2 protein chains.
Amino acid sequence: MRSYGQYCAIARALDVVGDRWTMLIIRELLVRGECRYTDLRDGLPGIATNLLADRLRALEAAGVVTRRQAAPPVAAVLLTLTERGRALQPVIDGLGRWGIPLMVEGPAPGDEFRGRWLAWPAELFLSDHRPEEAAVAIVLRTSAGEAPMVIETVDGAVHAREGECDEPDAILTGTPHTILGVLSGQVTLAEARDRGLGFEGDADALARVQPHALAA
Amino acid sequence: MRSYGQYCAIARALDVVGDRWTMLIIRELLVRGECRYTDLRDGLPGIATNLLADRLRALEAAGVVTRRQAAPPVAAVLLTLTERGRALQPVIDGLGRWGIPLMVEGPAPGDEFRGRWLAWPAELFLSDHRPEEAAVAIVLRTSAGEAPMVIETVDGAVHAREGECDEPDAILTGTPHTILGVLSGQVTLAEARDRGLGFEGDADALARVQPHALAA
DNA sequence: CCGCATCCGGGGCGATACTG
DNA sequence: CAGTATCGCCCCGGATGCGG
């Protein structure tokens, strides 16, 4: 990026991560961890391939991303955030928190979606109200072809990860918008089921982590 | 900005504040509060006037900025952040914190600087180690023509603001880089004075708020 | 299939000039 | 003071090609 030419901490930060697509590349690397060029491409629908290559080079030069060869059997380059790169987590979190209100209207026509993008809303809205009880796991399925998300309670906190789960306490199936409504507590489970949400398992497991705002 | 077309909180946020210059406009409005178009221009050296106008329109449409007429005597438009706009403070703070390490090498040739940009480093590095004592005020002067910054202790916290101060406990005069070195504790007062820092007043007032890292 | 490089059209951006 | 007008350039987006 063209430098702003300002001796200011914020401008200097934006000189490195202010380019178009750059923060979304950081988002993908934060939520996926180490992954391949092609994985990044899949997680960044709309990006031009040359731009992704350019950005990765710039981020590598800036000490934000590192590149390493995968183990012999799979000939692939693996990309990871450095410690310096992971230090951008608060910025991404802040952006995600600020962006949540922009999602209540649902996706615009043609909007892309990936299940793992629910990780921030999930960890933002949910908390474990009964940490003394046994841990629960809730699976979110937003699309048939995609890997589901698993929401798990761990020591009173709630974490979201990509992947399967052997014996989930509950399974939610539906559109991203509907699932987001349930996670945020803006829609009750009953309402959501009327709107097409699929639900299996223990409703209490869901209530345990849902925000208390339901009372309002 | 062209939308990223992704139903994701971070992408949605960047659809609004991801454009070039936009976050720096937010920075200026956060640190200055209500101000005029021309004030913004001065605080954003390098921006094209049409871009500033474009961005302000977009931010107004997005509910981030509001515009109002000043009181009759001065015919001027005053721009302010809305509540929604001020909610970007954590993002700006995160960027500023992340950008601090990029400033230790000093300004590049031709870099612009404004005294008020020291507000983030000041509040980030400094803390009041003896809150039980009377409040202190330290003035920073980085340039003859510019308004100085005042650092004040208030209830154990440290705040930075633009403006003068009647009876400061200490006055630092020097280049931004030198002053930053002192504020961050990377350079001792004695070293900084050797490098051209001007210092008047009570060295103890400075030590009271400087980071403890000096021991290292 | 992976990881790019290259080419090309369009528009955002930057600089300057100008106006109510 | 607060913008609008204009213009060249380069970044961006989309498509294609290509070596490993």
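Values reported hereafter were calculated over all heavy atoms of this structure, with side chains retained and with hydrogens, waters and symmetry mates removed. Residue numbers begin at 1 in each chain, while the letters A, B, ... track the order of the sequences. Only a predicted model underlies this, so the values are computations on that prediction, with no experimental measurement involved.
- Within 6.0 Å of the CG atom in A:D194, the count of heavy atoms belonging to other residues, nucleotides or ligands exceeds 12.
- At least one side-chain nitrogen or oxygen of B:R67 sits closer than 4.0 Å to the OP1 or OP2 atom of D:dG3.
- Nucleic acid contact for B:A53: sugar-phosphate only, since backbone atoms but no base atoms lie under 4.0 Å from a heavy atom of the residue.
- In this structure, CG of A:D42 is placed 13 Å from P of C:dG3, rounded to the nearest angstrom.
- Between A:R55 and D:dC12 there is a side-chain N or O to OP1 or OP2 distance below 4.0 Å.
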Determine, stepwise, if the pair B:W117 / B:E28 fulfils side chain to side chain donor-acceptor pair (under 3.5 Å). CA-CA 9 Å; B:W117 296 344; B:E28 283 300 304; 2.9 Å; yes
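- A heavy-atom distance below 4.5 Å is found between the side chains of B:L78 and B:R36.
- The nearest whole Å value for the distance from the CD1 atom in B:I47 to the P atom in D:dT4 is 13 Å.
- The side chain of B:R20 contributes an N or O atom lying less than 4.0 Å from OP1 or OP2 of C:dG14.
- Between A:W21 and B:Y4, the ring planes lie perpendicular to each other; the angle is over 60°, past the 30° to 60° tilted range.
- Applying the 4.0 Å criterion to OP1 and OP2 of C:dG14, one finds that B:W21 has a side-chain N or O inside that range.
- Map B:D39 and B:N50 each onto its nearest nucleotide of DNA chain D; the residue landing nearer the 5' end is B:D39.
- Atom pair A:L78:CG and C:dC4:C1' shows a separation of 16 Å (rounding to whole Å applied).
- The residue B:T38 sits close only to the backbone: its heavy atoms come under 4.0 Å of sugar-phosphate atoms, none of a base.
- Distance B:L51 CG to D:dC10 P: 17 Å, rounded to the nearest Å.
- Spacing between atom CG of B:L56 and atom P of D:dC1 amounts to 16 Å, rounded to whole angstrom units.
- In this structure, A:R41 places its CZ atom 11 Å from C1' of D:dA15, rounding to the nearest Å.
- For C:dA15, its base never sits under 3.5 Å from the side chain of B:T49 at any donor and acceptor pair.
- In this structure, B:L206 and B:V182 have side chains that are in contact, with non-hydrogen atoms separated by less than 4.5 Å.
- Contact annotation: A:R2 side-chain N/O to C:dA15 OP1/OP2 distance is under 4.0 Å.
- For the pair B:L52 CG and C:dG14 C1', the interatomic distance rounds to 13 Å; values are reported in whole Å.
- Of the side-chain N and O atoms in B:R57, none sit less than 4.0 angstrom from OP1 or OP2 of D:dA2.
- The side chain of A:R36 has C:dC2 as its nearest neighbour among C:dC2, C:dC4, D:dA2.
- Contact annotation for A:D19: backbone-only contact, meaning every heavy-atom pair under 4.0 Å involves sugar-phosphate atoms and none involves a base.
- In this entry the distance linking CG of B:D54 with C1' of C:dG14 reads 12 Å, nearest Å.
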